[in-house]
2 protein chains.
Amino acid sequence: MTNALHKRLACFTELDESDLAHLDRLCEDVRTVKVGEDLIGEREKPEEVFIQLEGWACRYKILPDGNRQITGYLLPGDMCDVFVFILEHMDHGIGALSDITYAAVSKQKIIDIFDSHPRIAKALWWSTLVDESILRQWLTNMGQRFAYERMAHIFCELWLRMKVVGLAAGDEFHLPLTQNQLGDTIGLTPVHVNRTLQRMRNEGLVELDNKRLKICDIEKLKEIAQFNSEYLHMKRC
Amino acid sequence: MTNALHKRLACFTELDESDLAHLDRLCEDVRTVKVGEDLIGEREKPEEVFIQLEGWACRYKILPDGNRQITGYLLPGDMCDVFVFILEHMDHGIGALSDITYAAVSKQKIIDIFDSHPRIAKALWWSTLVDESILRQWLTNMGQRFAYERMAHIFCELWLRMKVVGLAAGDEFHLPLTQNQLGDTIGLTPVHVNRTLQRMRNEGLVELDNKRLKICDIEKLKEIAQFNSEYLHMKRC
DNA sequence: GGCTCTCAATAACATAAGATAGGCATCGTT
DNA sequence: AACGATGCCTATCTTATGTTATTGAGAGCC
């Protein structure tokens, strides 16, 4: 079940057997959450770090007027707020987009890693820095790109991230999002998400049906999005 | 000259005399950069951490089509990419928006802090996490808010950040941005930045002249922006 | 002195995306 | 079988914002 985690960290660094074994031991406290429920709510005080094992979750912010912005996805192998216990409270929530399983790792175990497993510690830092880099890229897409390009970009990113953890065989992967949620991600109304999606289908770029996204023409998609994967910092992929 | 740095970190934690003295020693390698020049370019490999002492800098990304997105501001007292030497290369550039002075701190000195000065180390983590939180907030503004609200929000944020480092006396502060750069920050064309600014002036919210922004009605501005400062995690301010 | 630049301001027009509404499936519940 | 909820799709109309272009003020330069 920690397979995705191993693959994800392998993008950054080579971990030896003892590191991998230690990672697996960290993931012993496995929990499940049903679709639609929160792993942690906005304004709560986090006491543990989460490692995503199966399924999709997202970070989100709810505004006073009820609008919601999804600010990131947690895919299998992703880690969540490694240093978050430094902050007093969450400035956003984390919710399950599908039924998920994750491992809860105590604060103390994280602190111990920094003393005893420097390679893992470095990988945790890497993960945090990549999260930040993705945010910068999303902000850039939102500020400088049209709906069509933004959608192409998010599809390219998710495709690549699923691929490195072995979950996008045959250019097809599980995308457990409603059009509404996709809109909350790239700042569009559901109606315009639909329009944009229809256009992509008509142009033979993607197929999306029954929560599965099939990438039909990745090169074209990358071109539309001006997609450059460097911001994901996967130096070993 | 490290006054702003002290004030900034004081938002998060109480540092004692020896911590403050150590901070000052870190800031001995002071450098200057002229407006318009880069502190570090996109794709370069960073070897040092920067501590902003005077003036404004920004993080930015340039897209293949020439568009630019500003993804963050570095104000006096801000620190830059404390852990960045984990990544192979910069995924964005850092440029000077005014003449600036900053301190360059070597990789090794940063690593030493984590061994010898845990309170400072924690403050560095805090700084990184706040950067990430600001990015989430900017993304949310970009995705869910109109131009008028976005502009109100960025003014509220900058006002507060300048205030905590003692640089916004009398609700007025130095804002060394052209309307073009402001547009690159909140995802607007210069023409629409100007329109939006005129509206704010007409409604008596702000005055902006000669690179100085005066906040005339902060309460109204906060209301328009639905501004809630919690995302800045200034627990002691 | 006139030159070029940059920046702010404004006007006229174009369009990407939002708002509203309705129809049609599917699915779980009673 | 009837029901309500949810998600997808489409059409029509509106509007926030982009595009293009012009003007004038100020700053630096030779």
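Below, read A as the first sequence line, B as the second, and so on, with proteins coming before strands; counting in each chain starts at 1.
Here D:dC9 presents its C1' atom at 12 Å from CG of A:N202, a figure rounded to the nearest Å. Between B:Q179 atom CD and C:dA9 atom C1' there is a gap of 8 Å when expressed in whole angstrom units. Separating the CG atom of A:L213 from the P atom of D:dC8 is a distance of 13 Å, rounded to the nearest angstrom. As rounded to whole Å, 14 Å separates atom P of D:dG18 from atom CD of A:E149. Taking atom CG of residue A:L182 and atom P of nucleotide D:dC8, one finds them 10 Å apart after rounding to whole Å. For the pair A:L177 CG and D:dG7 P, the interatomic distance rounds to 12 Å; values are reported in whole Å. Rounded to an integer number of Å, the gap from A:L197 CG to D:dC9 P is 7 Å. Note: CG (B:N210) to P (C:dC7) measures 14 Å, nearest angstrom.
The distance from atom CZ of B:R68 to atom CD of B:Q181, rounded to the nearest 0.5 Å, is 5.5 Å. Taken from CG in A:D78 to CG in A:L5, the straight-line distance is 9.5 Å, to the nearest 0.5 Å.
For B:N202, the CG atom is densely surrounded, since the number of other residues' heavy atoms within 6.0 Å is greater than 12.
Applying the side-chain contact (heavy atoms from CB on, under 4.5 Å) criterion to A:E230, with sequence neighbours excluded, gives A:N228, B:R43, B:H89. Under the salt bridge (charged side-chain N to carboxylate O under 4.0 Å, His left out) criterion, A:D217 pairs with no residue at all, not counting sequence neighbours.
Between the side chains of B:T32 and B:Y102, no donor-acceptor pair is found at a separation under 3.5 Å.
An OP1 or OP2 oxygen of D:dC9 is reached within less than 4.0 angstrom by a side-chain nitrogen or oxygen of A:N194.
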*Chi angles and distances behind the side-chain contact (heavy atoms from CB on, under 4.5 Å) call for A:D81, A:M90*: CA-CA 10 Å; A:D81 302 308; A:M90 295 288 288; 4.1 Å; yes
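Across D:dC8, C:dA8, D:dT10, the shortest atom-to-atom separation from the side chain of B:T178 is found for C:dA8.
Sequence order on DNA chain C of the closest nucleotides to B:P190 and B:Q181 puts B:Q181 first from the 5' end.
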*Determine, for nucleotides 17-27 of chain C in 5'-to-3' order, which nucleotides have protein heavy atoms under 4.0 Å from the base (write B), from only the sugar-phosphate (write S), or from neither (write -).*
BBBBB------
